[in-house]
A.B. asks: 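If you scroll down you'll find the structure; I have some questions about it.
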Amino acid sequence: MAYRKDLLMRQKRLLNRFYRAYNPHEHNETPEIQSIRSEYNWLVDQVQQYPPRPQLPDPFEVLPPEILLQCFSEVPHDRSDGLFALLQVSRKWRFFLMSASSFWTQIFLGQGAGNRRRVEMALLYSQQAPLTLEIFLQPQQEGWWVDLLSPHADRIREVHFRHHALYDGDYNMREHLFPEGLRALRRLSTCLPALETLAYVNGQQSYLPKISGEELPYMPALRTMIGFDLGQEILTLSTFPASKLTRFSTSTPIRDLVPLLYQCTQLEHLALEETYEITRAFGERIEVIDESIEVSQLPALKMFSFTRNNVAAVRPILSQRGFNIIELHLKLRWFDMADLSYLGELPHLIHFRIYHPVERTDNQTPPPSFPPLLRIKKLDFMQQPDMFTEPMPVPTNRFEQLFRELSTNLPRVETLSLHFYESPPIVHLVGFIGSLKLLQNLHVSHGDLQRETGLKRHTIPSLNSVRLSNEHLLHYLELPALKNLWIDAVASDANQAMSSSSSTDVGKPLATSPAETCLDGRRFSHVATLTWDGSISWGNLRQCSTITTGFASITKLVFAEAYARKDSNDFCAALIRSPTSCPHLTNISFHCYPSWDLLFHMLLRRNIMPGSPVTPLKNIQLPGYPARSLLLPLTGLLASKLSTIPAMSEIALTFRNGLFDSSKAGCDCCMDCGLSCQVPVQVIDPLHVVTAQPNLLGDSPEDKAKEETPVDDSNTDTDCESTEIEYNLIEPLKAWFDTWPQRRKAWNEYSESWGLKYRRSFACGKHDFVNLVTITGSMLRETKFMRER
């Protein structure tokens, strides 16, 4: 297409020459006119050999509204700014979306400044459609939305309570957040006639938030209530009709809950969970069941979860009313596993999850015994520490017996998740995994495993997705079909070896490292997606960027931890020095913001001047969109266009944008992305003296990267020596990136000193570290359509 465009431009220039040279009074053509005509005719023949690309018709004129609605429904609506970004694409998009009420039914509450106007627009454009409220709980709960939503209370169908990820596991913070949110919901209306779902939908749900009866409005249409601790007083109130419930979770004792369950004729999903209030004050409750209970009158469930002590209390329910159960979660101690014959009476069980508390045990406990469970395709074993019992090492024969029973009686497992608090014996663990010949997905979380020499490798031909705490297990497994590999952290012993071998080849597996045989990209030549987490290994020196360059087959790379900025920066630095590494890589997902100078120059080296036919990077995923001054060059580089990169003083790890100015409001991420933010800075210790700011810029190369010498096309070997690859960096950039670790260390030291006096919030609602936004080279490019005549 570029060649055809060039031909058309030459035609236009020839026509201009023709009209300048043509004289209407001359009857004979001059030699110049003849030459122009001859060349023009040749160009016409050439253009006909390259037909123009057919222009797309305007979809708003050729597609029916039903198809357009389906297309727009594929856009993620789990962010408050999702639809508002689409409104800015064009006038047609704006008019169409404003007229489609189904796109405006999800309303986000409690996400900071500007949210009120968005809620008002959503209420207007949703017309009379049912509403879903996403309420983000925070210490200073906003109350403006109560009066705004009161006239629309009869349209509310679902209410989802959420909280910021920073409050995960902080029960003291959540303990007062939830009552405040529920009281605001009751102030909205004492009756929500259309409400079908009331749920707490995210965070660590080990302990359910407790609520009381006076905090709940009347909900006559309620069908789903999950994620809460309902007190006994609520069960005696007519707050909701039990006969309509289909999903229900509670911490109420069974003997008090049974009268309500008799009425739940449509109940399919029941979760009996432990409450934090009981475990914190009295220790774990021993559940009992009255023999007078008519088990036959209880509903026939499809999913049942019992994470309390004494599983024998629900054994009659499973034996008599478990014929429809598809998914089962049980809390099983070692002595509970001695007799699980009742599981054989569940003919449709497909998913079985075991919550196993770490406990004191000895060889006197009867061994585990499982019946044949040939239908089970998904097995989860979750070992959890007991907060009241001091754990003792589990005898090796306990795990040996457990793995033998599981491999014998559950041979058709396709998805396996094993989470160990203790370290299981590696010989029996590998033997169990290797016995599952239909296994497709594996997730193993563990502590330090004892390395065994001479242990043979097990081949699992069907396994295509693996997530591990570290690389140790890969030493004992042959995975010829592996496509997705997730490693939380490289083991510390491998890191030590790698750190002592810094002079080895960039882009090669490290021959002197114990990780060489485990994370060698040549062993896993079909891996397409490689993920690094790192959330469980903050104290370790991780070198995942060095190992990543050895995977030549990957097309997608993920840094899955919000605080893994060091790993992200290290990989960008690795590609700056070795742009031919990972030649098929097209997509990188950063669950954090890398340093912009490293990201931009990495894309410049990779997409513009790699020096060899590597696949350019097409997509970058980030927790949010940066300012336009950063977004424009980023999209240009992703489109493989030489864009003007901002000066180093604007994008490098410095004190730009008033990051350490206590008088300037804004969260860390907004300051880094150049966005405006109104989150104030808090004074922690006014008497603390902050150290002087170091000079991080030094002799900045600024925009001298444009003067970089071209890469020799003959140097295309991906296994080039590190010194040869670095030679292609011009001296100012080479000096800049060589001193990058020292600048980062100085920046961290000053940031730590400043943080002792002031506190700036890490992130506001503009940044979502789970649901990332995708930035491509064409996202800012205007799309032109041809009208159908």
Side-chain angles (χ1 to χ4, degrees), residues 505-508 521 528-530 532 544-559 567-590 593-622 626 630-646 648 651-652 701 703-722 724-730 733-734 736-738 740 774-779:
D505 295 352
V506 176
K508 280 187 176 181
T529 302
L530 179 62
W532 298 100
C544 62
S545 61
T546 308
I547 298 177
T548 303
T549 55
F551 283 82
S553 60
I554 62 172
T555 60
K556 182 177 181 180
L557 176 64
V558 181
F559 294 96
D567 296 321
S568 303
N569 289 336
D570 288 345
F571 179 74
C572 291
L575 280 194
I576 286 175
R577 300 186 185 280
S578 177
T580 57
S581 300
C582 305
H584 302 291
L585 183 64
T586 60
N587 189 357
I588 305 180
S589 296
F590 296 105
Y593 292 103
S595 187
W596 297 108
D597 58 336
L598 290 173
L599 178 61
F600 282 159
H601 283 277
M602 180 269 288
L603 291 174
L604 180 68
R605 294 279 292 169
R606 174 76 177 204
N607 289 5
I608 307 299
M609 299 174 292
S612 65
V614 297
T615 304
L617 289 169
K618 299 294 186 181
N619 302 319
I620 295 291
Q621 291 182 305
L622 296 172
L630 297 174
L631 188 59
L632 282 176
L634 182 57
T635 56
L637 291 172
L638 289 172
S640 298
K641 295 183 177 180
L642 188 58
S643 303
T644 301
I645 299 178
M648 288 293 189
I651 61 176
D703 290 333
K704 294 182 180 179
K706 300 176 184 177
E707 304 173 6
E708 184 175 358
T709 56
V711 179
D712 186 4
D713 291 340
S714 63
N715 186 12
T716 60
D717 190 0
T718 58
D719 291 334
C720 296
E721 294 292 335
S722 175
E724 295 179 6
I725 297 174
E726 292 183 2
Y727 178 78
N728 295 321
L729 277 174
I730 62 175
L733 282 179
K734 184 177 184 302
W736 174 261
F737 290 116
D738 282 348
W740 208 95
T774 301
I775 300 176
T776 65
S778 60
M779 64 176 298

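Since the structure is predicted, the reported quantities are computational estimates derived from the model, not experimental observations.
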A.B. asks: What closest approach, in Å, do Pro626 and Ile775 show between heavy atoms, and which atom pair accounts for it?
C.D. replies: CD-CD1, 4.0 Å
A.B. asks: Is the side chain of Ser578 donor-acceptor paired with the backbone N or O of Leu575 at a distance under 3.5 Å, no angle test?
C.D. replies: no
A.B. asks: Among residues at least two apart in sequence or on other chains, which ones pass side-chain hydrogen bond (donor to acceptor under 3.5 Å, both in side chains) with Thr529?
C.D. replies: Asn484
A.B. asks: Between Asn619 and Asn587 (side chain of the first, backbone of the second, donor and acceptor by atom type, cut-off under 3.5 Å), is there such a pair?
C.D. replies: no
A.B. asks: Using side-chain hydrogen bond (donor to acceptor under 3.5 Å, both in side chains) as the criterion, list what pairs up with Thr586, not counting sequence neighbours.
C.D. replies: none
A.B. asks: Got Leu638 and Thr776 here, is their nearest side-chain heavy-atom distance under 4.5 Å?
C.D. replies: no
A.B. asks: Could you measure the distance from the CD1 atom of Ile554 to the SG atom of Cys582? Nearest 0.5 Å is fine.
C.D. replies: 4.0 Å
A.B. asks: Is there side-chain contact between Leu599 and Leu634, with at least one heavy-atom pair below 4.5 Å?
C.D. replies: yes
A.B. asks: Indicate yes or no for a side-chain donor-acceptor contact from Arg606 to the backbone of Pro616 under 3.5 Å, with no hydrogens or angles considered.
C.D. replies: no
A.B. asks: Tell me, do Pro594 and Leu622 make a side-chain contact under 4.5 Å, heavy atoms counted?
C.D. replies: yes
A.B. asks: Please identify which of these residues, Met602, Lys556, Gln621, meets the side chain to side chain contact (heavy atoms under 4.5 Å, CB included) condition with Ile588.
C.D. replies: Met602
A.B. asks: Please check if the side chain of Arg605 supplies one atom and the backbone of Thr580 the other of a donor-acceptor pair under 3.5 Å.
C.D. replies: no
A.B. asks: Only counting residues at least two apart or in another chain, list the ones meeting side-chain contact (heavy atoms from CB on, under 4.5 Å) with Ser553.
C.D. replies: Val527
A.B. asks: Which of these passes side chain to side chain contact (heavy atoms under 4.5 Å, CB included) with Phe559: Thr548, Asp570, Asp567?
C.D. replies: Asp567
A.B. asks: Just verifying a value: how many Å separate Asn607 CG and Lys618 NZ, rounded to the nearest 0.5 Å?
C.D. replies: 7.0 Å
A.B. asks: Measuring from Ile576:CD1 to Asp597:CG, what's the distance to the nearest 0.5 Å?
C.D. replies: 7.5 Å
A.B. asks: Can you see which heavy atom on Ser640 is nearest to which on Ile608, and at what distance?
C.D. replies: C-CD1, 3.4 Å
A.B. asks: Within a strict 4.5 Å, meaning less than it, do heavy atoms of the Phe551 and Leu557 side chains meet?
C.D. replies: no
